[in-house]
Amino acid sequence: KKLVEVYQSEKNYLQVARVWRRLIQVREAEEGVENSELLELWKEMTRLLQDTVEDQDNETQQHVSRFHLSQILLFENFVEKKGFFCTWPQFSLPHEVAKLKEVCDATLSRYPTHSYPLEALSEHYIRTGQFRSNEVNGIKKKNTHTQNWQMLDAELLSSHPGSVEGLTLKGLVHVAKEQHKQAEESFLEALSGSPDNGELFFLMGRLFWNMGEEMRRDRSKAHTHLLKAAKLDPYLGSVFRFLGHYYREVAKDQGRARGCYKRAFELDSSDAESGAATVDLSMEQGDMDSALTVLQSVTERATPGSAKWAWMRRGLYHLKIGQHQQAIADLQAALRADPQDWVCWECLGEAYLNRRSFTAALKAFDKAHTLQPTSIYSLYQTAAIKQILGRFKEAAAEYRQILEQEDYVPALKGLGECLLALARSALDDYLDGRAVLIKSQSLFQHSRALKQRPDLSCLWKLLGDACTTSRTVSPNRAKVLVPGALCGMDPLDQGHTLDQRQLLTLGERCFGRALKLMPEAPSLWCDLGLNYYHQSRLLSCLNPEEDQQPLLEKAIQCVKKAIMLDSANHTYWNALGVVSMAKGIENFALAQHCFIKSVKAESNNVVAWTNLGALYLKKGNIELSHEAFKIAQSLEPLYVNCWIGQALIAESVGSYDTMDLFRHTTELSTHTEGVKGYAYWVCSTLLDRSNRDSEIYLYNIVQMNAVSAAQVALSKYTERVQTDPDAFIMLGYLNTHLQLRKQATEAYRRFATSSYLYIWKFCPARWTGSLLDKFETVNLKLELIKKELHDLIGLALAYFRIGRMPESVQAYEKALAVASSEKEKACILTALALIQHRLGNIDHAKTLLFKCSMLKEPVSESLQCLCSLGLVHGEVTLASATLTELLKLGEHVGGAVEERCLLTCTLLALQGNYSGVHREAARAIHRNPGNPSLWALLSRLVPQYCPNKAKGGAVAGSVACHASLTLGKRALLYSGVNQLASGRHSGEDRRHNALKTIQRAVLLYDPAGWAGLMAACHTENTACLLQGSAPRREDLERAHMTLVSEKEDGLLAQALEGWVLQQAVTGLKQSGQYDQAETLCSQVLSVSPEQPVVFLMLRQVQCERLLLSDAGNCVPPAVLDQLSAAVMANHTSVSAWHWLAEVYHSQGLLAQASVAYRQSLQLASQLGDHIGKMSSLLQLALLALMPCLAGVCVSEWKDLVLEASNEVLKMGSSPVALLFQALLQFSIKMGARETRRLLEKIVYASASGGSETIASVARWYLLRHLHAKDDLELIDTLLVNATAEGDSRLVDFHRRLYPSS
């Protein structure tokens, strides 16, 4: 730059330009240089030389012109481009016109709506006098802004009056303004000055070609002028293009038109319209070689992104002749020229589709639809491809978009096919209800298509398939809504419900209509034959007495007709074999022949091999059957039918692998035969109680989770096959084993309704004793009693279930007399002890249990009952001794690990060892990590005995929820309660919080979940109030109370309703609705006056209302006495004493408040309430701490704080107690080192388990201590900790203490 300044001062402008040019070249060679930086260099060069144009030589001016051109190309903003275009002509030299045109074309391609490049070019022509008609015409092609042309016209005419070019330009302006008459006059006037100007004749001919309707009907004038132009200027290509238009559209002379187009293209190879017309006419006339020659010549010369018309036509040609790869390449080249051409995208999608590249085709059609949303073709092809790929839901949605625009028959057909495929998929998943609904929709879509095109055989065939698929579901479920016009019922415009038989008959009619249209279609004959076959099977099921032989004969004849038309099709041979085996024909020789022919026609035929194996098995030929099934397994290992055949063979020969084979069939897919066989073997294994410790039982039942798997599979089976009493028996037994009593009751009820015999004649007593109260056939049981032990025990259990205790005792005593082993006697004595406990005979129950424990073979159940009895009645010694004996038996006896863990935890809680409760549960989990019951138990115990570990309790509940479907429902509620205990609300985590978890629990579980949801809503409202926002879940208390009272039953119903009432009153008080709270309490008391808890709540509401009023500063002693009496009436409520203490505290009666807290502490100790005891001690410590912090540090209060907080710390870790001790030390001596040590212990102890609120309070007081000591270094450390923890209150406090920092 210094060298440039030297040359500039010496007026050596050539060297200035050269040096600056060299500088720009150096910068361009560097990597990472932005265009903006180069642009600034070009601007600087132009500024240096633009004021000295007159003193510059020719080479310097060339450099300046080049600089100006580079600036225009680098500009991103069109406003800046326009400014430099305006200054271009003063820098341009005569030989720079080509560059000026280049810049004009480049700018117009980027900004097609702006005319300033053409204005600059026109100004240059006018200034230099270099205007000719061809140049004017070229500019006209590039610009359509008539206002700019009017200005240019006026300037040109004023400088060159009467010139041919000016008149021509004037005519072009009139053409642009569609003033054809004036344009004709201008061109005629120009022709008078230049009668041999071929271009003017062309303009006249083009004008006549584009004129009004009358001139369009008579194209002779245009033809005459175009011929004249061609004679005068035979090298003007556009003339021949319009002559081609004339011969093709008017004269209908395709040969001459093709010649004219070819001549125009030869004269101007950039004329895409002429080239495209030449190729199109050549293809129409069958001259493919000439068309390909033209296309080849254009594509060889074309640069990337050009010659779109040639690439596209060559691509369509290759697509037509089946060269899909070459077609794809050509169409991609066409899209490089115009990526927004939706037609080209559709052609590319078609090429991909023909090449079977479905994903690429799908993307191409999606792009076409995006560019042209109204194109039905691209949307239809998108749906068709998704249908091919098996994405039926998405395809159906696309088809429905098309049908919203019009009733497009291919779309209706495709939608019907997709719905039919979805129905078949639902049937495979045994979702019969969904399948029936989808099938009804499919029938309606096919009906719409048939209204448009009843002549299409494929539509009738699809309709027949849809009707025939109803054969799979149960007859009472196959109720399908069909259009009246289709089934021939009035009214025709409404839907009518058809049953399974009517649907199959309708399918028969549809196949018949299809055969009328295509009588030689073998697949239709086969479908019709199978339809007759399914009708015969349904008839034998619904009306066994009705003759089904005619239907079977029709089926045979139809399938034979299909084989006559196409004997090489293996499917038809297989179908004929299946029909030949049907009951009523049973032509096994023909069936064997058909299956063998099917295998010969297609060797990889797993279905035919499986059917052949079934035929041999039916005839008792086990070896041939096994070989056939084995071949089928080798052909398709995932085909379930051949595995079922092998399982049946194993069952017939008594193989140990039978149960494994049936289990494998259920793992492959759900099949009726496989499901029933597996369920039978599971139930048989469970009934054999002698094999509980065998390896077979442990593997087949326990390890493989056989009971749950069989129950799920059998539930699906019974939903489809609803007339099989054996299946309902097995399902009821499996549900009973899983303790699903409601489901078991329903299964047995359905069995009773599906059979004409009483359930008691089929079910052993031990299965159905719990269901005697559901039926009125109890007396029939007495007729079936035998002197067998199992029958007597079943009868006793049945009597126990329905509350007939004396009869149950008698039955058990008879069973005791029949029992042979001591183990059986121990079980019966345990049952008798349970009945005596239910009757209130505690001592008798203990005596019976002691007898059990003294037997040579004691059972774990009797010891568990004795231990539980001791725990319930508070006999710690008895419970501890029994539990010791129980644990001596070892876990292999009984195996109830969770029950023993529960007993141990209960004993620890009863002994006051609350910290050991959750540790015992954690140890049990450590020994048995795969037991979900233990995880659920830990989650249940944590909030009650160790709430500071509630986050871990939530995790334990989540583990139990994922590990067990049965326990997961209750464990999910436990997890939500733990989240409540840990204070996790939506303000902290919007996805994982107590409200979300308990909402899920409510959906899966029942009444207790509604109580938990009530607590979660209250927590959310409280969190909103603490954050200063409005609560969003108000006025839900009464609704929750109603739900709990309606759904809850059992022993805990009353306690839960009382808790819900307290929660509702608390929520109403929090929202300030004291009137509603008082009304609610009064309503409850009006129904049940003898409820001291509700009476206390009423007094609390009234008292708090009084405290909020102006008279609340001084509550009368009489009122306080009434409140004290109400609290004393609730002899089991610790929280009531807490509330009374708060009232005393609000009135300044600290001594009375202290007494109240001591009363609550005494009550909590008596009740064994760990949480209540800790809460009372902390409240008492806080009460004593208040006067100390206020400066009234009496030794009595100080000692009380220390005593209460130390007692809390003895019970377990408590950050609150530590904080109280630290604050007490702060009040005694703020600047002491001990004060700092206690506060820092809370602030910096990462494992203290305290909440952020406790740490924040400790930081506050620690900052005051450090401020008094003026310890800036420790203050900085404290600020770093506060910032890391997000404690903004402390940062604000520090800013107030140190304003200058």
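The residues of the chain are indexed from 1 along the displayed sequence.
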Heavy-atom closest pair, residues Gly349 and Ala361: O-CB, 3.5 Å
Evaluation steps, side chain to side chain contact (heavy atoms under 4.5 Å, CB included), between Glu406 and Leu403: CA-CA 5 Å; Glu406 61 176 283; Leu403 296 177; over 6 Å; no
Straight-line distance of Asp341 CG to Leu371 CG, nearest 0.5 Å: 8.5 Å
Least distance between heavy atoms, Leu348 atom then Ala364 atom: C-CB, 4.4 Å
Full working for side chain to side chain contact (heavy atoms under 4.5 Å, CB included) between Leu331 and Cys344: CA-CA 7 Å; Leu331 292 170; Cys344 193; 4.2 Å; yes
Flag side-chain contact, heavy atom, 4.5 Å: Met204 against Leu226: no
Ser375 side chain to Glu346 side chain, donor-acceptor N/O pair below 3.5 angstrom: yes
Test item: Met312 and Asp330 side chains (from C-beta on) under 4.5 Å apart, heavy atoms: no
Heavy-atom side-chain proximity of Leu232 to Asn197 below 4.5 angstrom: no
Spacing of Leu207 atom CG and Lys181 atom NZ [to the nearest 0.5 Å]: 10.0 Å
Trace of the side chain to side chain contact (heavy atoms under 4.5 Å, CB included) decision for Lys386 with Leu389: CA-CA 5 Å; Lys386 290 180 179 179; Leu389 295 176; 5.6 Å; no
Residue pair Tyr261 / Arg248, side-chain heavy-atom distance below 4.5 Å: yes
Output field: ring centroids Tyr408/Tyr380 closer than 6.0 Å: yes
Salt-bridge criterion met for Glu417 and Lys413 (N-O under 4.0 Å): yes
Steps toward side chain to side chain contact (heavy atoms under 4.5 Å, CB included) verdict (His223, Tyr247): CA-CA 9 Å; His223 182 221; Tyr247 289 123; 3.2 Å; yes
Considering all heavy atoms, the nearest Gln405-Thr374 contact: OE1-O, 4.1 Å
Point-to-point distance, once rounded to the nearest 0.5 Å, from CG of Leu412 to CD of Gln445: 6.0 Å
Main-chain N/O of Pro339 paired to Trp345 side chain as donor or acceptor, under 3.5 Å: yes
Aromatic plane relationship, Phe365 with Tyr377 - under 30° parallel, 30 to 60° tilted, over 60° perpendicular: perpendicular
Gln387 versus Tyr399, side-chain donor and acceptor atoms under 3.5 Å: yes
Separation between CD1 of Ile376 and NE2 of His369, rounded to the nearest 0.5 Å: 10.5 Å
Arg263 (side chain) donor-acceptor with Pro234 (main chain) under 3.5 angstrom: yes
Min side-chain heavy-atom separation Leu362-Arg391 under 4.5 Å: yes
Nearest heavy atoms of Leu236 and Glu199, plus distance in Å: CD2-CA, 4.1 Å
Closest contact, heavy atoms only, Ala383 versus Ala395: O-CB, 3.4 Å
Close side-chain approach of Gln332 and Ile328, heavy atoms under 4.5 Å: yes
Nearest-0.5 Å distance that lies between atom CG in Asp366 and atom OG1 in Thr382: 4.5 Å
Between Gln325 and Arg355: side-chain donor-acceptor atoms closer than 3.5 Å: yes
Side-chain touch Asp233/Val239, heavy atoms, less than 4.5 angstrom: no
Validation row, ring centre Phe242 to ring centre Phe202 under 6.0 Å: yes
Heavy-atom check, side chain of Cys347 versus side chain of Leu316, under 4.5 Å: yes
Shortest non-hydrogen contact from Ser194 toward Leu200: O-CD1, 4.1 Å
Cys418 SG to Lys393 NZ distance, which is reported to the nearest 0.5 Å: 12.5 Å
Heavy-atom neighbours of Lys262 NZ exceed 12 at 6.0 Å: no
Aromatic contact, His324 with Tyr352 (centres under 6.0 Å): no
